Each structure stands twice: as C-alpha cells, then as structure tokens.
Amino acid sequence: MYLYEQGLLTPKYMLQNGNEDVNGRSMEQKGKMDMNAGMTKEMQVYNELREAILRNEYAPGTVLVERKLSEVYHVSRSPVRYALRQLVREGLLAEEPGKGIVVPAYTLEDILGVYDLLEVLQIYALQVSLKNYDASADKTLTQIMEETKKASTGGDLIERMDWDVKFHNFIIHYVHNRWLDKMFELLLNQKRRFDVTSFEDLEHGRETTMQHGKIYEAIMARDLDAAISAEKEHSQYIKQYYISKLVTGRYNIWQ
C-alpha cells in the first residue's frame, strides 16, 4: 500500500535511443501532448519538458527557445513560457544574459553540493525515524531491496536505477515531513540527471546495489550508527564516481 501511495511502483526512468525512446516513440510523437482531463496545457508542457531534461535529451548549453518548443509540443508560447520559468525556479534550467534560458552544464561544485546535501538529509531521516520502523516498513524496504538486486543481476540498469531512487525515497518519506520531502525532491531532480549518465555501467550498478544492501541490513538491525556509516560510505563512493566521470570526460553522454 505504501509503495502505491508514494508512486514507488511506477517506473519513471526512460533512456533515449537515437530519435526514439525505449517505448519506440519518435521525438515528434512525444511532442504531441496527451490532453488528459483535469490537466492544463501549462502543466502538460511542464511535465513533458521536465522529463526530457531529466533524461538528458538536451545537451548542456542548449538554448531552449519558446517558439521552437511551442512547435514541438503543439501549443501556444504561453504554456511553454510557464514551463520554462518553473524549471528555472527548480534549478533544472538557467537564465544566461545574452543567451536566454539554457540547459546548465554541471561542475565539480554541483556534484559535491547535491550529494553532500543528499547525505545530510538521508542521515537526518534515519536519525529521526529509524526508531519508528515497524514490520510494515521492513516489508516494504525488503521488497525494494529485492527488486533492486533482481534488476541489477538481470542487467536492467534503467530499472535498477528506478528502484535505487525508491530506496532513498522510502527513507526520506518515512519521516512524514513535507518540508523534508520538498527539499529532497529538488535535489532528486539533479541526481536523476547525473544518474542517466551511468545507465550502461554494470559494475557501478552492482557496487551501488551492494552499498544499499549494507544500509538495508543496518536498518533491519535497527543499528543507527551502522546505518549512518553505510550511508556516508555510499555517498562518498557516488561523489567520487561522478567526479571521476567529469574529470575524464566520461560524463559527457552527447559525444
């Protein structure tokens, strides 16, 4: 029940393959808005564009032009303008003088800033809520861990990354603090853009799954010190992994 309520059973990650996504939809098809009842055009464009950015379909430095996007999404420029402004507020886009709204490139400071804060929030969540974990929480976390291992063993790194996010989501949401949830969501947006560059790295997938296992075992044992230690180890590994990719140029998936 908890998984369903938190939306944790719905895969969110998609990986672009040439001019099609994993569902075989062309960029033109994806641009045609699904006019769902109750959703404004502004929100439809916002959701579509946000997912495209999170999937790294636009290379860093790409200037997003209202007119062109309105043609892609088959709407007027007003909904596009709303979506762009909202995404700038969330940090997924940036305004640059003389250029307009662009997809930001990532720096060493971005990687350290995002993962340092994610580590702080995860540790805080464990400190506050670990004592409140019960059989239901254990069952849910166990399911997430089992699915993560299954995806990792099967080599489905997109699915594994989806369960990776669910693992961290569960720890944060179990605190039941809406402000914590909001802060985590903003950082998660940036994390997902880093994550998409590692979808083809099997060794990285296995290593992070093993580290999640250590956090999971500490939680099951209600060992707060061990859980915090495992979380710190995991965070340090992730930071070093992406820093290495950035320094060596392996971070750039558009080359």
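All values reported here derive from a predicted model rather than from experimental measurement. Any value given below was found using the heavy atoms of this structure, including those in side chains, with hydrogens, waters and symmetry copies removed.
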From CA spacing to verdict: side-chain contact (heavy atoms from CB on, under 4.5 Å), Thr40, Tyr82: CA-CA 11 Å; Thr40 65; Tyr82 168 87; over 6 Å; no
Check: residues 146-155 side-chain donor-acceptor pairs under 3.5 Å, at least two apart:
from   : atom 1 : to     : atom 2 : distance (Å)
Thr148 : OG1    : Ile144 : O      : 2.7
Thr153 : OG1    : Lys149 : O      : 2.9

How would you list, by chain and number, every residue that makes a side-chain hydrogen bond (donor to acceptor under 3.5 Å, both in side chains) with Asp181, sequence neighbours excluded? His173
Can you list everything that forms a side-chain hydrogen bond (donor to acceptor under 3.5 Å, both in side chains) with Glu207? Sequence neighbours excluded, please.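 Scan of Glu207 (side-chain hydrogen bond (donor to acceptor under 3.5 Å, both in side chains), adjacent residues dropped) gives Gln211.
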Please list all pairs passing the side chain to side chain donor-acceptor pair (under 3.5 Å) test where one or both residues lie in residues 215-224, with sequence neighbours left out.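 Applying side chain to side chain donor-acceptor pair (under 3.5 Å) to every pair that reaches into residues 215-224, excluding sequence neighbours, yields Asp138-Arg222, Thr142-Tyr216.
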Contacts of type side chain to side chain contact (heavy atoms under 4.5 Å, CB included), residue [X], not counting sequence neighbours:
X: Arg89; answer: Arg85, Gln86
X: Leu202; answer: Leu157, Arg206
X: Ser229; answer: none

Looking only at heavy atoms, which two atoms of Arg77 and Arg67 are closest? And how far apart?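 Taking Arg77 first and Arg67 second, the nearest heavy atoms are NE-N, 4.1 Å.
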Before you tell me yes or no, could you show the steps for Val75 and Glu42 under side-chain contact (heavy atoms from CB on, under 4.5 Å), namely the whole-Å CA-CA distance, both residues' side-chain angles and the distance that decides it to 0.1 Å? CA-CA 9 Å; Val75 295; Glu42 286 81 2; over 6 Å; no
Residues sharing Met210's hydrophobic cluster, by side-chain heavy-atom contacts under 4.5 Å among ILVMFWY, directly or via others?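 Besides Met210, the cluster holds no residue at all.
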What verdict does the side-chain contact (heavy atoms from CB on, under 4.5 Å) test give for Gln190 and Ile111, after you've listed the backbone C-alpha separation in whole Å, the side-chain angles of each residue and the deciding distance to 0.1 Å? CA-CA 9 Å; Gln190 305 302 327; Ile111 295 172; over 6 Å; no
Tell me every residue that passes salt bridge (charged side-chain N to carboxylate O under 4.0 Å, His left out) with Asp110, counting only those two or more places apart in sequence or in another chain.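 With sequence neighbours excluded, Asp110 shows a salt bridge (charged side-chain N to carboxylate O under 4.0 Å, His left out) to no residue whatsoever.
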Partner set under salt bridge (charged side-chain N to carboxylate O under 4.0 Å, His left out) for Lys214, not counting sequence neighbours: Glu233
When you look at Asp164 and Arg160, which way does the salt bridge (Lys or Arg N to Asp or Glu O under 4.0 Å) test go after all the steps? CA-CA 6 Å; Asp164 178 296; Arg160 195 216 68 80; 3.3 Å; yes
We want to know whether Tyr73 and Gln44 form a side-chain donor-acceptor pair, criterion being a heavy-atom distance below 3.5 angstrom.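 Gln44 and Tyr73 do not have a side-chain donor-acceptor pair below 3.5 Å.
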What class does the angle between the rings of Tyr242 and Tyr115 fall in, given that below 30° is parallel, 30 to 60° is tilted and above 60° is perpendicular? parallel
Please work out which of the three classes, parallel, tilted or perpendicular, describes the rings of Tyr174 and Tyr133, given edges at 30° and 60°. tilted
Look at the side-chain heavy atoms of Ile, Leu, Val, Met, Phe, Trp and Tyr, link any pair under 4.5 Å apart, and say whether Leu180 and Val120 land in one connected group. no
Give a yes or no on whether Val128 and Ile172 share a hydrophobic cluster (residues Ile, Leu, Val, Met, Phe, Trp, Tyr; joining criterion: side-chain heavy atoms under 4.5 Å apart).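 Both belong to a single hydrophobic cluster.
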Give me each pair satisfying salt bridge (charged side-chain N to carboxylate O under 4.0 Å, His left out) with a member in residues 123-137, each pair once, sequence neighbours excluded.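 Found none.
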Approximate separation, where rounding is to 0.5 Å, of Glu90 CD and Leu186 CG: 6.5 Å
Run the numbers on Val175 and Asn132 for side-chain contact (heavy atoms from CB on, under 4.5 Å), then give the verdict. CA-CA 9 Å; Val175 178; Asn132 299 322; over 6 Å; no
Any chance the rings of His168 and Phe170 have centres within less than 6.0 Å? no
Side-chain donor-acceptor pairs under 3.5 Å in residues 91-105, sequence neighbours left out?
none

